[in-house]
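Both counts, for ligands and for their atoms, begin at 1 and track the order of listing. This is a predicted model, so every value here is computed, not measured. This chain uses plain numbering: 1 for the first residue, then up along the sequence.
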Amino acid sequence: MTKHKKLLTALLISAIIISSSGCENSPEIPVINSEAEFSSSESSSSVSESLPEITVVPEVSSEPEEEPEPVLEPVVTLSSPEVERGSYFIIKAENIDLSETVFKDFLGYDRRFFENEGAWYCFVPVKTAAEAGTYNLEFSEGDFSYSAEITVLDKVFNTQYLVVEQATLDATLEDQAVREAFDVFYQKYRWYFSDIPLWNGGFVKPLGNYPYKETTKFGTFRTFSNGKTEWHNATDMAAPGGTPVYAANSGNIIFADWLGLTGNTILIDHGCGVLSWHYHLNSMNVSEGDFVEKNSLIGKVGTTGLSTGNHLHFGISVGGIFVDPIAMMGSEPNFDFGKVIEE
Ligand SMILES: [Zn+2]
């Protein structure tokens, strides 16, 4: 064998040996040793004899590489593309991280997503004062963008003229400081958001089985006897003073205090931007920071603040907007829609 052939063979063998050590680039093992071995005089025969043994190498190198996980396209579904004034729908997004995504909804409110069991959700409420019609819902994250047409359905709400004694008006609506204190409270809490669902099944009536009379429905456009107007974004449940008031669902008490306009006021955070609001209570059995189970006593019916008789003013807000609390009774936000079928 010529020196040239020897060198070629040696190169070939070392190439095979190098490939046998994989792509690990470990210089200390076969590469250096092989050069020393093949430079000796009897190396040519031993090399050719040992060739078949080395041919196990291609088997090793031909092992299939681990296939990368297939990248799934983001999938967005809506609980419904139609929504009534004073209600809400839910956006569900899968295969995409929306933890930092903030977008403006079609009514101009900032919206964000929360995670639940591997998917991202966003509640999009529609206020009672919204115009019926079609709107465009849009958001984007990185290269991904989503757009859908949403239909806001009209809903007829009641109107009401409410006569309030002048002394009560003077102490509430006509008192600038009282109104401002309420505004500060409302703006602080309406956007309250905690990421985890705290509710436990469907919402229940806050007066239990008491046969209350609904004196003002949700969404009523009310004119007070002093000319001021408001959308009544709650239900008024008339019941005798002292009637027990229960938590409509489990959650954290984030406010339990007196306000001039709403009297004894309790606010429960049910998680994910779902809050329940209780006004005009006679007394309160909970404090800020308490966790309450569904159906547990939180206070008693009263007529404190801007009120003309014993009743519970009970509201539910979703994402900073009041929705019909009666529509929530017996149900809960449903995350189980638009399932992605993995093949
Ligand atoms: Zn009310």
Side-chain angles (χ1 to χ4, degrees), residues 85-87 125 127-129 155-175 178-179 181-187 189-190 203-208 210-248 255-268 274-284 298-318 320-329:
R85 302 198 281 147
S87 185
K127 60 188 174 185
T128 50
K155 186 176 182 180
V156 178
F157 296 110
N158 291 357
T159 56
Q160 180 187 57
Y161 182 79
L162 189 65
V163 178
V164 183
E165 282 181 19
Q166 195 58 45
T168 304
L169 286 173
D170 288 345
T172 56
L173 283 179
E174 301 288 1
D175 188 317
V178 164
R179 289 173 64 97
F182 180 80
D183 285 344
V184 168
F185 155 80
Y186 179 58
Q187 291 306 328
Y189 288 100
R190 68 180 293 196
F203 280 74
V204 296
K205 291 187 174 177
L207 297 184
Y210 186 83
Y212 67 89
K213 184 171 186 286
E214 189 177 30
T215 48
T216 307
K217 287 184 187 298
F218 170 81
T220 297
F221 189 75
R222 171 187 275 172
T223 305
F224 292 99
S225 46
N226 67 349
K228 288 198 162 59
T229 60
E230 68 165 16
W231 289 94
H232 187 259
N233 286 323
T235 176
D236 281 350
M237 301 172 161
T243 302
V245 176
Y246 306 101
F255 187 90
D257 209 343
W258 170 271
L259 288 168
L261 196 65
T262 53
N264 285 318
T265 301
I266 293 175
L267 194 42
I268 306 178
V274 180
L275 311 177
S276 61
W277 307 63
H278 313 74
Y279 297 167
H280 314 304
L281 297 166
N282 184 44
S283 60
M284 300 187 284
I298 59 168
K300 303 277 176 64
V301 168
T303 181
T304 55
L306 176 55
S307 171
T308 57
N310 283 301
H311 75 287
L312 172 67
H313 169 112
F314 176 68
I316 292 183
S317 64
V318 172
I321 302 292
F322 285 100
V323 298
D324 188 346
I326 298 300
M328 291 285 277
M329 296 296 105

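Annotation: H232 is not in aromatic contact with F218 [ring centroid separation under 6.0 Å not met].
Looking at D236 and the Zn ion (ligand 1) together, the shortest N, O or S contact belongs to OD1. Distances from the Zn ion (ligand 1) to each N, O or S atom of H313 single out ND1 as the nearest.
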inquiry  = Go through it in stages, so that I can follow the logic: the residues are D324 and R85, the test is salt bridge (charged side-chain N to carboxylate O under 4.0 Å, His left out), and I'd like the CA-CA distance, side-chain angles, deciding distance and then a yes or no.
reply    = CA-CA 9 Å; D324 188 346; R85 302 198 281 147; over 6 Å; no
Side chain to side chain contact (heavy atoms under 4.5 Å, CB included) between F224 and E230: does it pass, once the steps are laid out? CA-CA 8 Å; F224 292 99; E230 68 165 16; 3.8 Å; yes
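In summary, no N, O or S atom of H280 is located under 2.8 Å from the Zn ion (ligand 1).
Residues satisfying the ring pair (Phe, Tyr, Trp, His ring centres under 6.0 Å) criterion with F221, sequence neighbours excluded, are W231.
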